[in-house]
Amino acid sequence: QVQLVESGGGLVQAGGSLGLSCAASGGTVRSYVMGWFRQAPGKEREFVGAISRGAISTAYADSVKGRFTIPSDNNQNTVYLQMNNLNPDDTAVYHCAAGTVWSQDYRQYRYWGQGTQVTVSS
């Protein structure tokens, strides 16, 4: 059983940056597909990005491509999400998730963190 805990959320002005962390216990992040998802009030959970097993490849939603990065040099127990040039549309609760299938569908991910709030002011 993998436990995931996110941290690093907060309030930032538009154009600013934040870095989120997802600490894993009970397993190593390189053994899983690690995904980042977000959910804004009244909206469905949305794919943000993912990094494959062994950190070989990454994928990003079009809405964040070029602004968000999942570093490939994640250590064994933590995966990160670097978010740059944030805008108010990025406001949401951000969750990390672990799974075994390379997918942008949140239903393919088995383990989830509780989420961390990111708020971007205009």
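- Taking all atoms of both residues into account, the shortest heavy-atom contact from G8 to L18 is O-CD2, 3.8 Å.
- Here the straight-line distance linking atom CD1 of I51 with atom CH2 of W102 works out to 7.5 Å at 0.5 Å rounding.
- Checked by atom type and distance alone, the side chain of T91 pairs as donor or acceptor with a backbone atom of V120 at under 3.5 Å.
- In this structure, OG1 in T100 is found 8.5 Å from CZ in R110, a value given to the nearest 0.5 Å.
- Between the side chain of Q82 and the main chain of P71, no donor-acceptor pair closer than 3.5 Å is present.
- Contact between G27 and A24 at its shortest, heavy atoms only, is O-CB, 4.0 Å.
- Cluster annotation: V33 and V29 are assigned to distinct hydrophobic clusters (Ile/Leu/Val/Met/Phe/Trp/Tyr, side-chain heavy-atom contacts under 4.5 Å, transitive).
- Taken together through direct or relayed side-chain contacts under 4.5 Å among Ile, Leu, Val, Met, Phe, Trp and Tyr, V48 and V5 form parts of separate hydrophobic clusters.
- Formation of a donor-acceptor pair under 3.5 Å by the R45 side chain with backbone atoms of Q39 is not found in this model.
- Distance alone, capped at 3.5 Å, places no donor-acceptor pair between the Q104 side chain and the F47 backbone.
- Rounding to the nearest 0.5 angstrom, the gap separating the SG atom in C22 from the CE atom in M34 is 4.5 Å.
- Separation of atoms CG (L20) and OG (S7) is listed at 8.0 Å; rounding is to 0.5 Å.
- Ring pair F37/Y109: centre-to-centre distance below 6.0 Å.
- Across all non-hydrogen atoms, the minimal contact from S121 to P88 is C-CG, 4.4 Å.
- Side-chain contact between D90 and M83: absent, with no pair of heavy atoms (C-beta onward) separated by less than 4.5 Å.
- Inter-residue side-chain proximity for T69 and Y80 is flagged as unmet; no heavy-atom pair is nearer than 4.5 Å.
- Contact check for R53 versus R30: no side-chain heavy atoms found under the 4.5 Å cut-off.
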task = Starting from the C-alpha separation in whole Å, work towards a yes-or-no answer on side chain to side chain contact (heavy atoms under 4.5 Å, CB included) for I70 and W36.
result = CA-CA 9 Å; I70 302 172; W36 285 96; 3.7 Å; yes
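- A distance of 10.5 Å separates OG in S122 from CG in D89, rounded to the nearest 0.5 Å.
- Side-chain contact between L81 and F68 is present, with heavy atoms from C-beta onward closer than 4.5 Å.
- Side-chain N or O atoms of R38 include none that pairs as donor or acceptor with a backbone N or O of Y94 at under 3.5 Å.
- With contacts defined as side-chain heavy-atom distances shorter than 4.5 Å, the pair T116/V93 does not qualify.
- W112 and Y106 have perpendicular rings, their planes meeting at more than 60° on a 0 to 90° scale where under 30° would count as parallel.
- Separation of atoms CG (N85) and CZ (R67) is listed at 6.0 Å; rounding is to 0.5 Å.
- Across S52 and I56, no two heavy atoms sit closer than the pair OG-N, 3.1 Å.
- No donor-acceptor distance shorter than 3.5 angstrom exists from the side chain of Y111 to the backbone of C96, with no hydrogens or angles considered.
- Under the 3.5 Å distance criterion, the side-chain polar atoms of T119 are left unmatched by any main-chain donor or acceptor of L11.
- Nearest heavy atoms, L4 versus A98: CD1-N, 3.8 Å.
- The main-chain N or O of G113 is found under 3.5 Å from a side-chain atom of H95 such that the two form a donor-acceptor pair.
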